[in-house]
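Read through the structure below, which is laid out as structure tokens, and then see the notes.
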Amino acid sequence: VSDLLDKLRPVAERLALFGAGPTPFDTTIDAVLSPTEAVIDGRRVLMFGSNNYLGLTHHAEVLEAAALAARAWGAGTTGSRVANGSLALHAALEADFAACFGKRHAKVFTTGHQANQSLLTALCGPDDVLFLDGESHASIHDGARLSGATVIAFRHNDAGDLAKKLARLPPGRNRLVVIEGLYSTSGDIAPVAAIAAVAKEHGAYLAVDEAHSFGVLGQEGLGAAEGIDVDFIVGTFSKALGGVGGFVVSDHAALRMLHFTARAYLFTASGSPATIAAARAALGVVRREPALRERLRHNVRRWRSGLADLGLTLGTFESPIVPIILGAPEPAVAMWRRLLAAGLYVNLVLPPGCPLARAGLRTSVSAAHDDAAVDRALSLVEEAR
Ligand SMILES: Cc1ncc(COP(=O)(O)O)c(C=O)c1O
């Protein structure tokens, strides 16, 4: 006879396979010293495994805005905007996002995951068809599944495969294509212009999740879709903006209806005053300080060329997400542990989170790293290898 709790046993068994020693899955950070340094197990470690692309978690203006908002508005909102009211802070942040993207409408969500889930469940139902890139984030899959729409996957970053699959669909069914601007594990950048052209040709709406690309890609930091006509842009506050929350911008007035229909928005507490005010301040920094993106690009080039000189296999694209591909779980775990012990924190990427051949480390660069930090990290990788 099976027991309710049996299904969790394989999880414990899989964790046991790692044997003695730390894993990223249960690592505790004892103190955060700066956007690029933390204390783990009594040791100072350099962070090359966050999504803090611009270092804004510790920007003085962002911290000050958060502290002031908490004092003025309280620690939390205690409920949904629909039941308990929107704060003027929420409305101001939405106006800022709309202005920033030059779109008519913007909506903010408590997290980026909820932004994707809200958008997909509000737009799609069982009669509709969702075309998802093969490397889509879990929040996109979760939204797709909850919507009840038919899901058709197309080959990662392959506009030709998308065109073929869209062409095969009989007319009369509504269709939405969802891609990401910058893919979180591979660091691949989407061919947004090509995909937007294919979507338009086949009468499909297009949503681009710029979770990792907002603040990072594009002349103005708007993401991979900057300057391209896209129906819906999704983003998060939890990467370049250094906070917690999500947003969607669009010229479609229908976006406003998510306020009344999206369950992941309706039935959860809205972003706290501190998180909303911090995001507003961070957005201001992104718009005002293009030098941060320039610094980030400099660091990406220095980090990638140093790793390439060590003979390591990296991801294809020049982006702040730099995978080191080792091709099997065992060397990945061994190298992750050696790096942590030496004082460098990176991310471990294992199947089923990636194909076996792509097992390895995910490293990421921040504008807050200086040359000395990049060079120190390179020497730690060289020793650990
Ligand atoms: C592509 C993508 N979309 C959405 C999210 C969810 O963002 P959040 O952390 O704000 O829930 C993430 C973050 O993990 C992501 O990588």
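Whatever order the structure lists ligands and atoms in, that order sets their numbers, starting from 1.
- For the side-chain contact (heavy atoms from CB on, under 4.5 Å) test, residues two or more places apart in sequence or in another chain that qualify with S319 are L182, I189, I321.
- Neither side chain, T111 nor H113, offers a donor N or O lying under 3.5 Å from an acceptor on the other.
- Under the salt bridge (Lys or Arg N to Asp or Glu O under 4.0 Å) criterion, R81 pairs with E94, sequence neighbours left out.
- Relative ring orientation between W303 and F48 is described as tilted, the plane-to-plane angle lying within the 30° to 60° band.
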What does the N/O contact table under 3.5 Å look like for ligand 1?
residue  : atom   : partner : partner atom : Å
ligand 1 : 3 (N)  : D209    : OD2          : 2.6
ligand 1 : 9 (O)  : S238    : OG           : 3.1
ligand 1 : 10 (O) : G112    : N            : 2.7
ligand 1 : 10 (O) : T236    : OG1          : 2.6
ligand 1 : 10 (O) : S238    : OG           : 3.4
ligand 1 : 11 (O) : G112    : N            : 3.2
ligand 1 : 11 (O) : H113    : N            : 2.8
ligand 1 : 14 (O) : H137    : NE2          : 3.1
ligand 1 : 14 (O) : K239    : NZ           : 3.0
ligand 1 : 16 (O) : H212    : NE2          : 2.7

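- Side chain to side chain, T150 and R173 meet the donor-acceptor criterion of an N or O pair below 3.5 Å.
- Cluster note: V349 groups with no other residue, as no ILVMFWY side-chain heavy atom lies under 4.5 Å from it.
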